[in-house]
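For reference, the structure discussed in these notes is given below.
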Amino acid sequence: MTNHLPIIAIQVLFLGAFISGLVGYKSNSLRKFVIFLATGTSLVLTLMLFKPVMMEGQIISYWMGNWVPVSDWAIGIGLEVDQLSLFFGLIVTVTVFLGAIYSFKYMSKDNGQDKYYVVFMMLAGSVLGFVFTGDLFNMYVMIEIMTFAAVGLTAFRNHKAESIEAAFKYLVVGSIGSSLILLGTVVMYAQFKTLNLAQITALLNNAQHTPVILFAFALMIGGYAVKAFIVPCHVVAPDAYAAAPSSVSMLFSGIVNKAGIYGMIRLVFVVFASMNLPSMQFLLVFLGTITMFIGVTMALAQSDFKRLLAFHSISQIGYVLTAIGLSTILGLTGGLYHALNHTLFKGLLFLCAGAVLYSTGTTDLNKLGGLAKKMPQTAGLFLVGAFAISGIPPFNGFVSKWLVYQGTFAKSMETNNPGYVFVTIVALIVSVMTLASFIKVTQSVFFGQLPKEFENAEEVPLSMRIPMWILAALCLVAGILPTAVIDYLIKPAVLAIKSAGNYVAVMMGQEYATKIYTEGIAIPKYDYAMAGWNPTSWLILFGVLLIAFALVALTGGFNPRHIVGAENNNAKFDVFFSGEAAEHSHVAGNDLFWGLKHNLKGYFHFMHDVHNGVVNDYALMVVSTTALVMLYLFLLVK
Amino acid sequence: MNNILQFLFYILIFPGFAFCVVAGLLIAGIDRKLVARMQKRIGPPILQPTYDFLKLLGKETIIPRHAARKVYLAAPVVGLLSLVTVSLFIPIFNFSIFDKPVADLIVIIYLLTIPGVALIIGGSASGSPYAGVGISREMVAILSYELPLVIVLLTIGRKVGMALDGNITFSLKAIVDYQAQYGPMIAQWSMIPAAIALLLVIPCKVGSLPFDIAEAEIEICEGPLVEYSGPPLGIFKLNHAIKMFIMTSLFVTLFLSGAGTNFVALNVLIQFALAVVVTFISISVLKAITARLRVEQTFKFYWTYPTALALLSLVLVWLGL
């Protein structure tokens, strides 16, 4: 029974797409019911896999049409759900479920909803299929469906010019990425006569790493870099994130770029495990570091809510990639933890941005302001997300960033390479810049003066707030109980990354595996220590303090009798404008990063020129990145 | 039960809340006196900050019409909380309230940014445009000093870690133990640039001249604090004072610590006296002889000189010196 769960979970999503298309035009609520049922079922089915896979350590394999390997050759398409796949699978189904619930109300003002849900479900199903599959070509097929669904959703609000433009850019660059993956797949097939990941892993284990294989490897890394929006292949992402409806932006940052990350992990650590490349680590860490830095500095310069979030998304993926590139146990733990956290807090933030758009009709930071009075819950939830992404305790971003810092520093100790300390420093600075950037958003959206045109803004409906509350709660839980999260989710996934041999054994049979791995299958050890850090103890501390001060404040510390509400017309409750009436007084200097931009104007001008919006240039950037990766592999791999 | 009482004592009396308040207000008073004497003024009595604080507690709290009420009131308390939490983590010679190494430098880095963030959030919740200018400056200040601060702390971690097990340590207890064994950190010549860098970071962290760009009274009416009044303002002023003590005390623990004596009270006195000396060097003297810098000058300054000094130390330590 358990074997059938993954395929059903994928099929349910695709079925949901088609059925909602078939019945949806009749009734709105019927369509919603179908979507709810499909995403919910898929979530439940994936959760049912949790016990056997994560806790009992099984790896579930399923051969489509029962085409099991014949005389050691895998011909059929196989699904293989190991702990890594399930880790990402859970991220996907949770995000999709919450995104769907949010969409019900959020999209109610748009027309063409029947099309929206079909494409939405296609996107969901394809990413789930992508992480569950055990077949190289199937990975390509799924990522291709994902790309086109994403392009379609980007262009969904096609009455706006930006949506069309963003979709066009995404289409071009995304297709180049897909073509690179396809070409890599073809070359691999030509080399190994099989497309099954496990079998390729096994064959690579004893094969020479010929230039042809390296060529294919580089192509696929380049392709997945495009899918994960890694600098310098990130240029289409901000447009797409900003133009798409927020429920879709949430999927983009929650699952679409995670798919790229998953593809890279699967290739580098499992399929090409035999390469055991220290040099590959350098490439990934390097790309990750520039990704996080460029992402965050670009975010500082943005004035649109969703574009800003998009650049932060890029920056956070940089953290994930850096940590994974370390390829130590600590690094992988930090990377996967951050991938999970990024889905949670960035989903929350995009939903908050959507809520603001829903209530006010704009995401322009210069026009918004003072919404905390009108939308107190959204403001509070946004603060949770902002603190989480900035890595402020007790939220989840703190834990995973902590692991990243510690991982990079420990790596530099192991290898005695000061370069990794530099990475630690960049990571810490990026974290501070993230905080600064989110303070800017908080200040310009939720606090400050409320513009006249938003006097009637209202809190969003309950069905939109529920997903936001759930995500915020998960942010808190993942921050308070890091040991539980690591034990039940991250640790099995990290072990799965490290045990390629086991993967082969399950898929191709024990006999075959013993033939390939003549020295026996290595069982990885999970040994790391979160050095000298005990989150619970100081969390209790913070809690006790909070209670103590709450008592002080309640028993008259704040002189409650003297706190006067601003109901009357007394001028002392007005904001100070040097004695002028507010409308005659203009205080300049609202550009929060003027000092920073002024000092780094060379850098910002350069960045401005790079992000020029010309698709030809973007395509060139992707191709040349791939060429550089290729060059790098050819030069450094013996 | 006993444990809980002891815990409460740590948090509320020593080295937590009460101790912080007393030490902070004293340091702030001493600083004002020192600056005044250097400028040939008589200066206020040492207890003046205490009087100011008590007076503010009795005043009316005015919440502006456009303010986000809860955030506006909560911000100063959150800042105070995080400062008191930091104080629990800083060992005073051999006295530390945690037996096992619990605290880490990175927790301290994080907790120390929270007061700044609280100031920013509180200011922006007040809805004043002057606060808007102030918080933008505060943010640039945070970005400026954070880089050298992080490098200094990593350098110390590396230095101590090398002596322990060739690895890295982020544990303050290990740093103090190291100094108890090998003498104060400042005696190692390779650490002197880092010490100078940290001394330069302190004034910006506590927001004193010439780096008090965020609260520039004359230009932008105290920026984030412009709308604050009564107890919330008092708590912000208290935060400012406690921050002075915490930062100088952290410097003492990182660079001037040692074996100490067997008496906790005496150790605390020594720590406080050293903190006063550090306050004099890094805060009072600079305050007395300089004028306020501009925003972009501050940024440029921190990303060049203190960063270069800190990096120099890091490289020296890496080379095993």
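Protein chains get the first letters and strands the later ones, always in sequence-line order, with residue 1 at the start of each.
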Task: Rounded distance (nearest 0.5 Å) linking atom CG of Leu153(B) with atom CG of Leu428(A) - done: 9.5 Å
- [ ] Please flag which part of Lys401(A) lies under 4.5 Å from any non-hydrogen atom of chain B: side chain, backbone, both or neither.
- [x] side chain
Task: NZ/Lys300(B): more than 12 non-hydrogen atoms of other groups inside 6.0 Å - done: no
Task: Distance, nearest 0.5 Å, that separates CD1 of Ile425(A) from CD1 of Ile151(B) - done: 4.0 Å
Task: Side chain, backbone, both or neither of Ser431(A) within contact of chain B (heavy atoms, under 4.5 Å) - done: side chain
Task: Closest non-hydrogen atom pair, Ile429(A) against Glu146(B) - done: CD1-C, 4.0 Å
Task: Segment of Ile120(B) engaging chain A (4.5 angstrom heavy-atom cut-off) - done: side chain
Open item on the list: What's the separation between atom CZ in Phe422(A) and atom CG in Leu314(B), rounded to the nearest 0.5 Å?
Closed with: 11.5 Å
TODO: Please name all residues satisfying ring-ring contact (aromatic ring centres under 6.0 Å, His included) with Phe395(A), sequence neighbours left out, ordered by chain then number.
DONE: none
Open item on the list: Under the rule for side chain to side chain contact (heavy atoms under 4.5 Å, CB included), what residues qualify as partners of Ser437(A), not counting sequence neighbours?
Closed with: Ala299(A), Leu300(A), Leu308(A), His312(A)
